[in-house]
Amino acid sequence: MLKERIHRLNYILLCLLALFPVFSMKVTVIVIIAFTVVSVFSGLILGLKKIEKKHIWEAAILLSPFILIFIRTAVMDRSENALFILETSLSLFAFPIAFFLSPVNFGKTQIDRVNLLFSLSAILIVVFGQIKAAFTFSKLIGPDQAWHSLSDMLHDPTFPFQFRTLFEEYVNMHPTYAGIFLGLSILLLLDRFFKGYSETTVGVKLLLLFSLVLCILMQGMLASRTPILATLVCAGLLFFIHQKRKRTAIIALGVMVVLSFLMIWKVPYFSSRFKEISFSNTKIAEGDNDNSVNIRAGIFHCSSKIIEENWLFGVGPGNIRSELNKCYASISKEDYIKNNYNTH
């Protein structure tokens, strides 16, 4: 009886973790701590999970990033910034330990439920942020407003930045992360569509297709290039994984690719983000000639320079910000230091 209750509690906490896109950081941290404590208590103290040597090696590999950060901080850099980075990296320690000791044996139904909860939470938070941002911008269209028409707004080259900024303000989530969450949701839904096609009812198929189209459109509204391209590549890999059902895979993948490219070519503010990508736009940003592509040229330059000069031991997690700012000051202080860019 105790074992069943612990299993149920552990799985409930995992389901709550899947909802993290809609939670605040504080709530997410609380759920992570609760999931870790229950997993450690049930798996180690109550001995509900048999630990094998191969599992220890797997845990060691998963824990290696945190171990490296911990050693680097303890031995070379104990500054306040370094300790803060160590603190924010605790999830790299908590999750491997929690999943390593968790006694829950995940079945197909349980995994599908966790995936569905994550996808649903990602869709809800993005829908909320985009609708709220769209409603705000709708008030700025009119004869005496910033834009005279919807077309003027969409063709304004500054609109993508303004929309993304307002979206982040409303949901406290960077548009790139939201794009990643939507991309993962697309892949999970697509995988579910492929796997259960023959057993799924027509209603569920239509619901999955509607959810896929909605996610693609919302990802396009966020205009985050890398998540979109990564989603397309991974969707292609899913096609090969499920190549036994070629017709189904081609239809779903084809719809997603066509919608994505139509947005790139036809939606003005979306296409403007992709037009920034060119070999001629790789010069380090200076003055007012900065955008999301060439600003990265300076970041890459300074990051490479720091690595080249400190290739063996690095500069320490607490010193990277000051070292970057020193380099930024030498190339274009106004463009970089004011935004406090990290290594991206």
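Any value given below was found using the heavy atoms of this structure, including those in side chains, with hydrogens, waters and symmetry copies removed. For the single chain, residues carry numbers from 1 onward in sequence order.
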Closest approach of Ala94 and Thr36, non-hydrogen atoms and distance?
-> CB-OG1, 3.6 Å
Mind checking whether His301 and Cys327 have side chains closer than 4.5 Å, heavy atoms only?
-> yes
Point-to-point distance, once rounded to the nearest 0.5 Å, from CG of Leu207 to OG1 of Thr201 = 9.0 Å
Verdict with supporting geometry, Phe35 and Leu14, side-chain contact (heavy atoms from CB on, under 4.5 Å) = CA-CA 7 Å; Phe35 177 73; Leu14 180 60; 4.0 Å; yes
Would you say the side chain of Tyr11 lies within less than 4.5 Å of the side chain of Val114, judging by non-hydrogen atoms?
-> yes
Please examine the side chains of Leu222 and Gln130, heavy atoms only from C-beta on, and report whether any two atoms are closer than 4.5 Å.
-> yes
List the steps and the verdict of side-chain contact (heavy atoms from CB on, under 4.5 Å) for Leu83 and Glu87.
-> CA-CA 6 Å; Leu83 292 174; Glu87 181 182 342; over 6 Å; no
Please report the shortest heavy-atom distance between Phe23 and Thr28, naming the atom on each side.
-> CB-OG1, 3.5 Å
Parallel, tilted or perpendicular for Phe159 and Phe137, by the 30°/60° rule?
-> perpendicular
Given side-chain contact (heavy atoms from CB on, under 4.5 Å), test Ile180 with Leu184 step by step and report yes or no.
-> CA-CA 6 Å; Ile180 292 173; Leu184 182 55; 5.6 Å; no
Kindly give the heavy-atom pair with the smallest separation between Ser91 and Pro96, and that separation in Å.
-> O-CD, 3.9 Å
Ile30 with Val37, same ILVMFWY side-chain cluster at under 4.5 Å | no
Between Leu17 and Leu13, is a side-chain contact (heavy atoms from CB on, under 4.5 Å) present by the stated rule, with each step listed?
-> CA-CA 6 Å; Leu17 272 178; Leu13 289 171; 6.0 Å; no
Of all the heavy-atom pairs spanning Phe193 and Lys205, show the shortest one and how long it is.
-> CE1-O, 4.0 Å
If you look at every heavy atom in Met173 and Pro21, which pair is closest and at what distance?
-> CE-O, 3.6 Å
Quick one: sort the Phe93 and Phe66 rings into parallel, tilted or perpendicular, breaks at 30° and 60°.
-> tilted
Working to the nearest 0.5 Å, report the span between CG of Leu116 and CG of Leu208.
-> 9.0 Å
Non-hydrogen atoms of Gly129 and Tyr170 that approach each other most closely = O-CD1, 4.2 Å
Test item: Lys132 and Phe167 side chains (from C-beta on) under 4.5 Å apart, heavy atoms | no
Asp191 side chain to Leu187 main-chain N or O, any donor-acceptor pair under 3.5 Å?
-> no
Do Phe95 and Ile32 come within less than 4.5 Å of each other through their side chains, counting heavy atoms only?
-> yes
To the nearest 0.5 Å, how far apart are SG in Cys234 and CG in Leu229?
-> 11.0 Å
Are Ile307 and Ser304 side-chain neighbours, meaning at least one heavy-atom pair lies under 4.5 Å?
-> no
Look up atom CE in Met218 and atom CD1 in Ile131, then write down how far apart they are to the nearest 0.5 Å.
-> 9.5 Å
Consider only side-chain heavy atoms of I, L, V, M, F, W and Y, link residues closer than 4.5 Å, and tell whether Leu90 and Ile67 are in one cluster.
-> yes
Mind checking whether Leu92 and Phe70 sit in one hydrophobic cluster, side chains of I, L, V, M, F, W, Y counted as touching below 4.5 Å?
-> yes
Nearest 0.5 Å, what's the CZ-OG distance between Phe181 and Ser119?
-> 12.0 Å
Are any of the side-chain heavy atoms of Ser303 and Ile299 separated by less than 4.5 Å?
-> yes
Are Leu117 and Leu9 joined in one hydrophobic group, where the rule is that I, L, V, M, F, W and Y side chains link up if heavy atoms are under 4.5 Å apart?
-> yes
Determine, for Lys326 against Glu323, whether the closest basic-nitrogen to carboxylate-oxygen distance falls under 4.0 angstrom.
-> yes
With no hydrogens and no angle check, is any side-chain donor or acceptor of Ser149 less than 3.5 Å from a backbone partner on Asp152?
-> yes
Going only through I, L, V, M, F, W and Y residues with side-chain contacts under 4.5 Å, is there a path from Val22 to Phe128?
-> yes
Would you indicate whether the side-chain heavy atoms of Ile141 and Met153 approach each other to under 4.5 Å?
-> yes
